[in-house]
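Before any comments, here is the structure.
Along the sequence shown, residues are numbered consecutively beginning with 1.
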Amino acid sequence: MILLSPPGAAAAQPLSVAGAANLSFALKALDEEFAREQPDVTVTAATGASGDLVAQIEHGAPYDVFLSADLHFAQVLTKAGAADPKSLTVFAVGRLVLWTTKAGVAVDNVAATVRDPKVMKLAIANTDTAPYGRAAKQAMEKLGAWTDAQPKLVVGESISQTTQFIETGNADAGFTALSVVLSPKLKGKGRWSEVSSALYYPLEQGAVVTSHGAQNPAAERYIAFLHGDAAKKILQDFGYKIPGA
């Protein structure tokens, strides 16, 4: 959990943000910038698989803003009456990569990597609750490699857990977010190759104000902040595409 407030801040307005796991590293930078621009707001943030966060919010988790890894899960919330449909906006587009930290494993061709006998464990995020996992499955299906991949799959509940499998070498290769491999913690570690965006549905990152956040003015301010120049710069530095850019 991230807790950010300026030194000496008194009686700051609390704002709780739930973000998809692919945003874990970028979200810290975003929230630090938001706290700088909005010193009267104290931000707390939690991350997880988009589908898991939706379930938490539907069951009353007190998040004010939800940042989904795709539009689908944000729309699930609005259709359930747990978020304001008028506030729904796309603030970034994610990018999928194939990554390894193992010597001798090539990742420049998805189908070849899947079928490589040296790749005995292939990490992927949960295809039901994590949009990046679903995107990886779509890519392999389009390449005719999904059947070959299934016996090798090591499934993480979120992109964060999937990343750990790859980083630690518990998986020989795996699919994660470009924002992860470009993060200060992992940049330059191992080798990665971007998966063609033509192979999966766009990972449009959706932001929405939840029903809990409807009475919190800071929630709308945070959504607006995501479309500002400072936030766009942070997102681009982490490898996201900006809608309309």
So how far is it from Asn216 CG to Tyr222 OH, rounded to the nearest 0.5 Å?
-> 13.0 Å
Does some side-chain heavy atom of Gln38 sit less than 4.5 Å from a side-chain heavy atom of Phe225?
-> no
Examine Leu23 and Leu15 and state if one hydrophobic cluster contains both, with Ile, Leu, Val, Met, Phe, Trp and Tyr joined whenever side-chain heavy atoms are less than 4.5 Å apart.
-> yes
Report the distance from atom CG of Leu30 to atom NZ of Lys232, rounding to the nearest 0.5 Å.
-> 13.0 Å
Quick one: does Ile234's side chain get under 4.5 Å of Tyr240's, heavy atoms only?
-> no
Under 4.0 Å between a Lys/Arg side-chain N and an Asp/Glu carboxylate O for Lys233 and Asp237?
-> yes
Return the set of residues passing side-chain contact (heavy atoms from CB on, under 4.5 Å) with Arg36 (not counting sequence neighbours), or none when no residue passes.
-> Glu33
In this structure, NE2 of His212 is separated from OH of Tyr63 (nearest 0.5 Å) by 11.0 Å
Nearest-0.5 Å distance, CG of residue Leu96 to CD of residue Gln138 = 9.5 Å
Could you give me the CA-CA distance, side-chain angles and deciding distance for Thr163 and Thr176, then say whether side chain to side chain donor-acceptor pair (under 3.5 Å) is met?
-> CA-CA 6 Å; Thr163 296; Thr176 189; 2.8 Å; yes
Here the pair of heavy atoms bringing Gly94 nearest to Tyr200 is O-OH, 4.2 Å
Just grab all the salt bridge (charged side-chain N to carboxylate O under 4.0 Å, His left out) pairs involving residues 209-224, residues at least two apart or on different chains.
-> Asp40-Arg221
Quick one: which residue pairs count as a salt bridge (charged side-chain N to carboxylate O under 4.0 Å, His left out) with a foot in residues 120-145, not counting sequence neighbours?
-> Asp70-Arg134
Which residues share a side-chain contact (heavy atoms from CB on, under 4.5 Å) with Ala69, sequence neighbours left out = Ala20, Asn22, Ser50, Pro131, Tyr132, Gln205
State yes or no: do Phe165 and Val119 share one hydrophobic cluster built from I, L, V, M, F, W and Y residues joined by side-chain heavy-atom distances below 4.5 Å, directly or via other members?
-> no
Which atoms form the tightest heavy-atom contact between Ala21 and Ser158, and what is the distance?
-> CB-CB, 3.9 Å
When clusters are formed by joining ILVMFWY residues with side-chain heavy atoms under 4.5 Å apart, either directly or through shared neighbours, do Leu203 and Val208 land in the same one?
-> no
Which pairs would a plain distance check flag for residues 75-85, meaning a side-chain donor or acceptor within less than 3.5 Å of a matching protein atom at least two apart in sequence or in another chain?
residue : atom : partner : partner atom : Å
Thr78   : OG1  : Gln75   : O            : 2.8
Asp84   : OD1  : Lys86   : N            : 3.0
Asp84   : OD1  : Lys86   : NZ           : 3.4

Nearest heavy-atom pair of Ala219 and Val209: which atoms, and what distance?
-> CB-CG1, 3.9 Å
Heavy-atom nearest pair, Ala149 first then Met140, reads CB-SD, 3.5 Å
Here the gap from Thr42 atom OG1 to Asp31 atom CG, rounded to the nearest 0.5 Å, amounts to 11.5 Å
Out of curiosity, does Ile242 fall in the hydrophobic cluster containing Leu27 (side-chain heavy atoms, cut-off under 4.5 Å, transitive links)?
-> yes
Is there a path of hydrophobic side-chain contacts, each under 4.5 Å between heavy atoms of I, L, V, M, F, W or Y residues, that connects Leu226 with Phe66?
-> no
Nearest-0.5 Å distance, CD of residue Glu58 to CG of residue Leu53 = 11.5 Å
Residue pairs meeting side chain to side chain donor-acceptor pair (under 3.5 Å), one or both in residues 92-102, sequence neighbours left out, come to Arg95-Glu194, Lys102-Asp172
Note: Thr127 and Gly133 closest approach over all heavy atoms is CG2-O, 3.5 Å
